[in-house]
Visitor: 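The following block contains the structure, expressed as structure tokens.
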Amino acid sequence: QVQLVESGGGLVQPGGSLKLSCAAAGSIFGIDYMGWYRQAPGKQRELVAAINSENSTNYADSVKGRFSISRDNAKNTGYLQMTSLKPEDTAVYHCNAAIKLPPAGLIYSYWGQGTQVTVSS
């Protein structure tokens with residue numbers, strides 16, 4: 001059974017920082033792609049940042065220069081470092097990963113359970 005386990009959300013003041021983690025638990029070969037999405041109340045889920053197997057990244061315009069996505073392949077974990085947080089960053093953040101599974105190496109998509117990020121004074 002493969003799961004994506006997220007951590008690191010919470011309440012932070014405007015201008016503050018948080019680092020989200022997304023760890024793949026279970027027997028896997030590795031993570032091919034990982035993306036972080038967020039959904040604010042009354043809004044559609046949007047892609048915030050993504051990283052592929054070659055460590056190529058892309059970001060939503062709204063977070064460029066403030067957020068940074070990274071990965072640790074040895075730990076099967078991805079991260080989203082968020083700085084200069086704004087109230088409009090408040091949302092539930094979900095990670096999504098394309099994971100290669102044994103024994104055949106087929107790739108499946110998984111979602112984390114979501115973690116709340118609240119930016120407020």
Side-chain angles (χ1 to χ4, degrees):
Q1 184 81 6
V2 175
Q3 290 183 318
L4 290 180
V5 181
E6 299 178 26
S7 60
L11 173 64
V12 64
Q13 292 186 341
S17 299
L18 281 175
K19 186 173 184 178
L20 306 183
S21 299
C22 177
S27 178
I28 71 171
F29 280 153
I31 297 175
D32 186 46
Y33 155 96
M34 179 173 285
W36 286 93
Y37 294 75
R38 67 186 180 188
Q39 187 165 20
K43 294 187 177 181
Q44 289 190 332
R45 184 175 293 187
E46 63 171 346
L47 176 65
V48 175
I51 185 168
N52 67 13
S53 58
E54 298 178 350
N55 287 328
S56 177
T57 60
N58 66 282
Y59 297 90
D61 288 342
S62 59
V63 306
K64 282 181 180 176
R66 300 189 298 121
F67 290 11
S68 178
I69 189 171
S70 61
R71 57 193 292 169
D72 184 333
N73 292 331
K75 295 182 178 179
N76 290 324
T77 300
Y79 305 95
L80 184 67
Q81 176 69 55
M82 305 184 292
T83 63
S84 302
L85 283 160
K86 304 175 181 180
E88 51 264 43
D89 295 318
T90 295
V92 177
Y93 284 70
H94 297 265
C95 64
N96 169 247
I99 298 177
K100 190 174 292 186
L101 301 182
L106 296 178
I107 296 176
Y108 294 87
S109 178
Y110 291 86
W111 286 89
Q113 79 281 7
T115 186
Q116 177 70 46
V117 172
T118 302
V119 185
S120 175
S121 55

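All values derive from a computational prediction rather than experimental measurement.
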Visitor: Closest approach of Thr115 and Glu6, non-hydrogen atoms and distance?
Guide: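 Result for this residue pair: N-OE1, 3.3 Å.
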Visitor: Taking all atoms of both residues into account, what is the closest heavy-atom pair of Gly9 and Val117, and its distance?
Guide: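 The answer is CA-CG2, 4.2 Å.
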Visitor: Enumerate, atom names and distances included, each donor-acceptor pair closer than 3.5 Å involving a side-chain atom of residues 13-24, sequence neighbours excluded.
Guide:
none

Visitor: Holding to side chain to side chain donor-acceptor pair (under 3.5 Å), I want the full list of residues that pass it with Glu46, two or more places apart in sequence or in another chain.
Guide: Arg38
Visitor: Only counting residues at least two apart or in another chain, list the ones meeting salt bridge (charged side-chain N to carboxylate O under 4.0 Å, His left out) with Arg45.
Guide: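 Here no residue qualifies.
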Visitor: With side chains defined as the heavy atoms from C-beta onward, is the minimum distance between Leu106 and Phe29 less than 4.5 Å?
Guide: no
Visitor: With sequence neighbours excluded, tell me which residues meet side-chain contact (heavy atoms from CB on, under 4.5 Å) with Ser56.
Guide: Asn52
Visitor: Who passes side chain to side chain donor-acceptor pair (under 3.5 Å) against Ser84, sequence neighbours left out?
Guide: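 Once residues adjacent in sequence are excluded, Ser84 has no partner under the side chain to side chain donor-acceptor pair (under 3.5 Å) criterion.
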Visitor: Who passes side-chain contact (heavy atoms from CB on, under 4.5 Å) against Pro103, sequence neighbours left out?
Guide: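 With neighbours one apart ignored, the set is empty.
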Visitor: Among residues two or more places apart or on two chains, list those pairs meeting salt bridge (charged side-chain N to carboxylate O under 4.0 Å, His left out) that have a residue in residues 20-33.
Guide: none
Visitor: If every non-hydrogen atom of Val92 is compared with every non-hydrogen atom of Gln116, which pair is closest and at what distance?
Guide: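 Heavy atoms of Val92 and Gln116 come nearest at CG2-OE1, 3.2 Å.
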Visitor: Taking all heavy atoms of Tyr93 and all of Trp36, pick out the closest pair and write down the distance.
Guide: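 Distance-wise, the nearest heavy atoms are CB-CE3, 4.5 Å.
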Visitor: Is it the case that atom CD in Glu88 sees more than 12 heavy atoms from other parts of the structure closer than 6.0 Å?
Guide: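 Enclosed: over 12 neighbouring heavy atoms sit under 6.0 Å from CD of Glu88.
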Visitor: Please name the pair of heavy atoms, one in Gln39 and one in Lys43, separated by the smallest distance, quoted to 0.1 Å.
Guide: NE2-O, 3.1 Å
Visitor: Could you tell me which residues satisfy salt bridge (charged side-chain N to carboxylate O under 4.0 Å, His left out) with Lys64, sequence neighbours excluded, listed by chain and number?
Guide: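 So Lys64 forms a salt bridge (charged side-chain N to carboxylate O under 4.0 Å, His left out) with Asp61.
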Visitor: Is a side-chain N or O of Gln3 found less than 3.5 angstrom from the main chain of Gly26, in a donor-acceptor match?
Guide: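 Between the backbone of Gly26 and the side chain of Gln3 there is no qualifying donor-acceptor contact (under 3.5 Å).
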Visitor: Pairs in or reaching into residues 45-81: which pass disulfide (SG to SG under 2.5 Å), with residues at least two apart or in two chains?
Guide: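 Pairs touching residues 45-81 that pass the test: none.
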Visitor: For the residue pair Ser27 and Val2, what are the closest heavy atoms and their distance?
Guide: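 Distance-wise, the nearest heavy atoms are O-CG2, 4.0 Å.
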Visitor: Report, one line per pair, each donor and acceptor closer than 3.5 Å where one atom sits in a side chain of residues 94-101; sequence neighbours left out.
Guide:
from, atom 1, to, atom 2, distance (Å)
Asn96, ND2, Ser109, OG, 2.9
Asn96, ND2, Tyr110, O, 2.9

Visitor: Name all residues meeting the side-chain contact (heavy atoms from CB on, under 4.5 Å) criterion together with Thr57; count only those two or more places apart in sequence or in a different chain, and write none if there are none.
Guide: Ile51, Tyr59, Ile69
Visitor: What's in the same ILVMFWY side-chain cluster as Tyr33, cut-off under 4.5 Å, chained through other members?
Guide: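 Under the 4.5 Å side-chain rule, Tyr33 groups with Tyr37, Leu47, Trp111.
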